[in-house]
Amino acid sequence: MPMVLLNCDKDIPERQKHIYLKAPNESTREFLPIANAATIPGTLSERGCAFCGAKLVIGGVLKDTIQMIHGPIGCAYDTWHTKRYPTDNGHFNMKYVWSTDMKESHVVFGGEKRLEKSINEAFDEMPEIKRMIVYTTCPTALIGDDIKAVSKKVMSERPEVDIFTVECPGFAGVSQSKGHHVLNIGWINEKVDTLEKEITSEYTMNFIGDFNIQGDTQLLQTYWDKLGIQVVSHFTGNGTYDDLRCMQQAKLNVVNCARSSGYIANELKKRYGIPRLDIDSWGFSYMEEGVRKICAFFGIEERGEQLIAEERAKWKPKLDWYKERLKGKKMAIWTGGPRLWHWTKSVENDLGIEVVAMSSKFGHEEDFEKVIARGREGTYYIDDGNELEFFEIIDLVKPDVIFTGPRVGELVKKMHIPYINGHGYHNGPYMGFEGFVNLARDTYNAIYNPLRHLAAVDIREGAVDSNLLFREAV
Amino acid sequence: MPCEISDKSVAEVKIVSKKRAGIINPMYDCQPAGAQYAGIGVKDSIPLVHGGQGCTMFVRLLFAQHFKENFDIASTSLHEESAVFGGTRRVEEGVMVLARRYPDLRIIPIITTCSTEVIGDDIEGSINVCERALKKEFPDRQIYLAPVHTPSFKGSQVSGYDECVKSMIKTVAKKGAPTGKLNVFPGWVNPGDITQLKYYLSEMGVDATLFMDTEDFDSPMMPDKSIQTHGRTTIEDLQDSANAKATLALARYEGAAAAAYLEEAHNVPNHQINTPYGIKNTDDMLRKISEITGKPIPDSLVRERGIALDAMADLAHMFFANKKVAIFGHADLVLGLAQFCLEVELEPVLLLIGDDQGSKYKKDPRIEELKNSVHFDMEIVHNADLWDLERRIKKGEIKLDLIMGHSKGRYIAIDANIPMVRVGFPTFDRAGLYRKPTIGYKGAMELAEMTANAMFAHMEYTKDREWILNTW
């Protein structure tokens, strides 16, 4: 029985179609979990909304852009201070959020004037900032405010500014995934090929689908610098608005997160003939493969081999130290979607960790095809997992560590299971060679944390072997 | 600090509104967020938020950031077809799914959002449908469904909290035999404050119920792996709120609507007092409890008061006097902290309170009291955002020695290099603050000491007369 009906789901039997237990010699296509489908109300799903997919995940990463959220205050408040994407200009993107603070009168009479005033105020208050993204939210979409018209009016009155609009209310689609799509397609339609920048290398690429979580982008940038490759634009880690208007100038699109940003790479290929190359940036073997593919495209294989050799010499011994101690440990991954297939094989190959359960919030069926192909037999693959399912799965697979968000991390802590922040990381970056050693170190520190073993001790029962795992000097 | 003598004989307290239309860095979340906070305060409650999934997911994350705990809150997962055809079916499905999968569930506050209020979903109608369905499927269970109307385009998390407390009381309170107990509405405070209040009530021998009792929002890791993170106020407590001897409302904007409702609908006398920040407000609270219950204030509390005064006296005129402070956050907190500041000689020159209740604030007796008692110019900005503070600092309109407020304002302090005391909600960038009381004598002492330590650390980092502490 490859599709699994958990006990907690007996009253919502349709959940069986979303949970797959991989067995030997099966056609995975036959048993693919249903994904990207509407959540059952009241299930305590982990999903967010389409608006946050656009603002929080992609647009809000940009380091020089005002994020104007047209709606009531909550949409701005909630998508602020929930991410760890620093920038090299003092984290402008994480410090501020803007809202039109829509009130009842605007619902009744329309909020366009309020939006226009708020946009002008924002530029007036921070005169050094000239770029803005305006987002609709549920109520402003429902009342039909024309944010594009308002933005055009401001742009005609302020020729030095440029504004991009994203019409993606929270109720659109079934998850944050819809917001990724809307922003991708809107950007290529309206902003790509509206500017040209200076090209300084014959090797140029866009790096797409990496959001500089704890400095991922900046770490990988050191590789591209060594290889002599000019990154025309970062979509969108540590990125700028204007660089993204120049995406058409690159010779190659390198895609890390295919789920959030594959759309724009496909369109760049269709419209400008720029090839798309997908890589995995987490893990030694994947990173090596990625560097080799990119260098092969540009015909600079020797530079690539030299980079790999240097990085391996520096980091492989450290990785192996952790591998020795993490071998055979069991991990669960409950994150957005793509990290399931980015990580399952890399932690297995590089660290000897077995991934025993994975749940995706917003992955599509193609994400499940990838993760099931790469993942282990006997592992659970779950679409849109909810809280009671997590409890039951934990009982079934007994993970040593769970890669998930901070809130679920607090939940599993009560069950004496350590978590690693699978979204914002504990102490990253986690991409690249150095990054994967960071991931290994954090995983080791989590699993070898004495507290969770002490938590299992009941002091009323007299002294028993508390099964402390002893840490060693690195 | 050079000697500064104010040449003005009369100090002015100015009340102004934020001048901009939009907001740059909000102080508050929206109404449904506050409603969710109230909704998790009851045992065997899972709030069901009728709106997009983000309205729930991010608020759960916010609570997790502040308390370092997980709380169960469900969503109706509103999508396009509901936006077009209405979403009441999703409420009904959500209620039934919760009832079936959570056998201990006893109340579901159904919390609306901006989208479902704009669509105009009939929540009361849905509740009728659900009640019939629940009765049929679970004849032996009673699950209360409380309608909580909290469109995000009105008020803020503060009014949303107030609304949800009121709705739950209204839905469950039932006239019965008098209990002789005291209802206490503490407002939006931390588990550490609840512990402190309970201690006072127990020392005075007063049988009281707290709405909401959030003490277990600080919950343990147990050998049996049980999860004990939930509100402690029970359905029975909510039912019996109608039968109490009296109500004590400690916050004017957080829970006061429910207290007023109990007086109106069930004749429970309501006593609205100042939130007990600082010594005098705590004196007033204990005297009021004594007056209502006839129980004397015990020696133990006289002693606690003395300990607090003893500690605060070491700090006030040596370190705090003449220091200019800005305070932002919930109005009940900010006005209470301003009163506390005056007691320890700090000068709260700028108070920022939020949302759109300007006219309501003007009637607040605490503002009147501040007007009569301050000896320096004070500005109170309502409908404020955090840019109101940052802009004043950046433009040099204001010189501050200290900022008091929640973690959303952390970068103002970091970038301007001003010591900051984290207080209010949320305080995710400091460890364990939810466990520390800020109200009562002990809370006043902890606040004063936290303030002093923030200043001391700042003196050391900036090498500003740090040697003073060599002999303190």
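So you know, we letter chains A, B, ... as the sequences are listed, proteins then strands, and number each from 1.
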Could you look at M126(A) and say if it's the side chain, the backbone, both or neither that has a heavy atom under 4.5 Å from chain B?
side chain
Could you tell me whether a side-chain N or O of Q67(A) sits under 3.5 Å from a main-chain N or O of G59(A), the two making a donor and an acceptor?
yes
Which answer fits I24(B), side chain, backbone, both or neither, if we ask what part of it has an atom under 4.5 Å from a heavy atom of chain A?
both
Please give me the minimum heavy-atom distance between T87(A) and F92(A), naming the atom from each residue.
OG1-N, 4.0 Å
Which residue out of H79(B), M221(B), R100(B) racks up the most heavy-atom pairs below 4.5 Å with chain A?
H79(B)
Turns out that what part of V408(A) lies under 4.5 Å from chain B's heavy atoms comes down to neither
Against chain A, label L62(B) side chain, backbone, both or neither, depending on which of its atoms sit under 4.5 Å from a heavy atom there.
side chain
Please classify the contact of T39(A) with chain B as side chain, backbone, both or neither, using a heavy-atom distance under 4.5 Å.
both
When the 4.5 angstrom heavy-atom criterion is applied to V97(A) and chain B, the contacting part is both
Hey, is the main chain of A141(A) close enough, under 3.5 Å, to the side chain of E167(A) for a donor-acceptor pair?
no
Please classify the contact of H91(A) with chain B as side chain, backbone, both or neither, using a heavy-atom distance under 4.5 Å.
side chain
Checking K103(A) side chain against V107(A) main chain: does a donor-acceptor pair fall under 3.5 Å?
no
Below 4.5 Å, heavy-atom pairs only: which of K225(B), Q65(B), R391(B) has the largest tally toward chain A?
K225(B)
Counting heavy-atom pairs under 4.5 Å to chain B, which of N386(A), T137(A), D9(A), L56(A) comes out on top?
N386(A)
Which atom names give the shortest non-hydrogen contact between N70(B) and E387(A), and what distance separates them?
ND2-OE1, 3.6 Å
Against chain B, label D124(A) side chain, backbone, both or neither, depending on which of its atoms sit under 4.5 Å from a heavy atom there.
neither
Give the minimum heavy-atom separation between W98(A) and A76(A), together with the two atoms involved.
O-CB, 3.9 Å
Under 4.5 Å from a heavy atom of chain B, the part of E104(A) involved:
both
Below 4.5 Å from any heavy atom of chain A, which atoms of M27(B) appear? Answer side chain, backbone, both or neither.
backbone
Out of curiosity, S105(A) OG to F153(B) CZ, how far, rounded to the nearest 0.5 Å?
10.5 Å
Please report whether the ring centroid of H330(B) lies less than 6.0 Å from that of Y28(B).
yes
F217(B) ring center near Y434(B) ring center (under 6.0 Å):
no
Main chain of S219(B), side chain of D216(B): is a donor-acceptor contact present, judged purely on distance under 3.5 Å?
no
Among the listed options F428(B), Y102(B), F67(B), the residue most often paired with chain A at heavy-atom distances under 4.5 Å
Y102(B)
Looking at P169(A), G170(A), G90(A), P139(A), which makes the most heavy-atom pairs under 4.5 Å with chain B?
P139(A)
Hey, would you say the F425(B) and H66(B) ring centroids sit under 6.0 Å apart?
yes
Backbone N or O of H50(B) within a donor-acceptor pair of the T116(B) side chain at under 3.5 Å?
yes
Which of these passes salt bridge (charged side-chain N to carboxylate O under 4.0 Å, His left out) with D388(B): K394(B), R20(B), K395(B), K18(B)?
R20(B)
Toward chain B, the part of Q176(A) with a non-hydrogen atom under 4.5 Å
side chain
In terms of the angle between their ring planes, are H406(B) and F328(B) parallel, tilted or perpendicular, with boundaries placed at 30° and 60°?
perpendicular
With a 4.5 angstrom heavy-atom cut-off, could you sort out which part of K117(A) is near chain B: side chain, backbone, both or neither?
side chain
Is it the backbone or the side chain of I412(B) that comes under 4.5 Å from a heavy atom of chain A, or both, or neither?
neither
One option among I119(A), L142(A), T140(A), L44(A) has the most heavy-atom pairs under 4.5 Å with chain B, and it is L44(A)
Using non-hydrogen atoms and a 4.5 Å limit, figure out which bit of A38(A) sits close to chain B: side chain, backbone, both or neither.
both
Heavy-atom pairs under 4.5 Å with chain A are the metric here; pick the option from V97(B), V49(B), T113(B), L48(B) that has the most.
V97(B)
Polar side-chain atom of T150(B) near backbone of T112(B) as donor-acceptor pair, under 3.5 Å
yes
Using modelled atom types only, decide if a donor and an acceptor are shared between the side chain of E117(B) and the backbone of P151(B) within a distance under 3.5 Å.
no
If you measure from CD1 on I69(A) to OG on S118(A), what distance do you get to the nearest 0.5 Å?
11.5 Å
Report the C-alpha separation of F171(A) and F51(A) in whole Å, then their side-chain angles, then the decisive distance to 0.1 Å, and conclude whether the side-chain contact (heavy atoms from CB on, under 4.5 Å) test is met.
CA-CA 8 Å; F171(A) 57 71; F51(A) 158 73; over 6 Å; no
Heavy atoms only, distances under 4.5 angstrom: which of P426(B), A83(B), G155(B), C55(B) has the most pairs with chain A? Name it, please.
A83(B)
Out of K178(A), E410(A), M94(A), which one racks up the most heavy-atom pairs below 4.5 Å with chain B?
E410(A)
L115(A) versus chain B, heavy atoms under 4.5 Å apart: side chain, backbone, both or neither?
neither
Which bit of S152(B) is near chain A, if near means a heavy-atom gap under 4.5 Å: side chain, backbone, both or neither?
both
Choice from C52(A), C8(A), P406(A) maximising heavy atom contacts with chain B below 4.5 Å
C8(A)
Would you mind checking which part of K408(B) comes under 4.5 Å of any heavy atom in chain A, side chain (CB onward), backbone (N, CA, C, O), both or neither?
both
Using a cut-off of under 4.5 Å on heavy-atom pairs, state which of P220(B), P32(B), S407(B), A99(B) scores highest against chain A.
P220(B)
At a heavy-atom separation under 4.5 Å, does I73(B) approach chain A through its side chain, its backbone, both, or neither?
backbone
Mark yes or no for whether R410(B), through its side chain, and D429(B), through its backbone, hold a donor-acceptor pair below 3.5 Å.
no
Where on I12(A) is there a heavy atom nearer than 4.5 Å to chain B: the side chain, the backbone, both, or neither?
side chain
Considering only heavy atoms and a distance below 4.5 Å, find which of S99(A), S45(A), G409(A), G405(A) pairs most often with chain B.
S99(A)
Answer with side chain, backbone, both or neither: which region of D415(B) has an atom nearer than 4.5 Å to a non-hydrogen atom of chain A?
side chain
Side chain / backbone / both / neither for E92(B) at chain A, heavy atoms under 4.5 Å:
neither
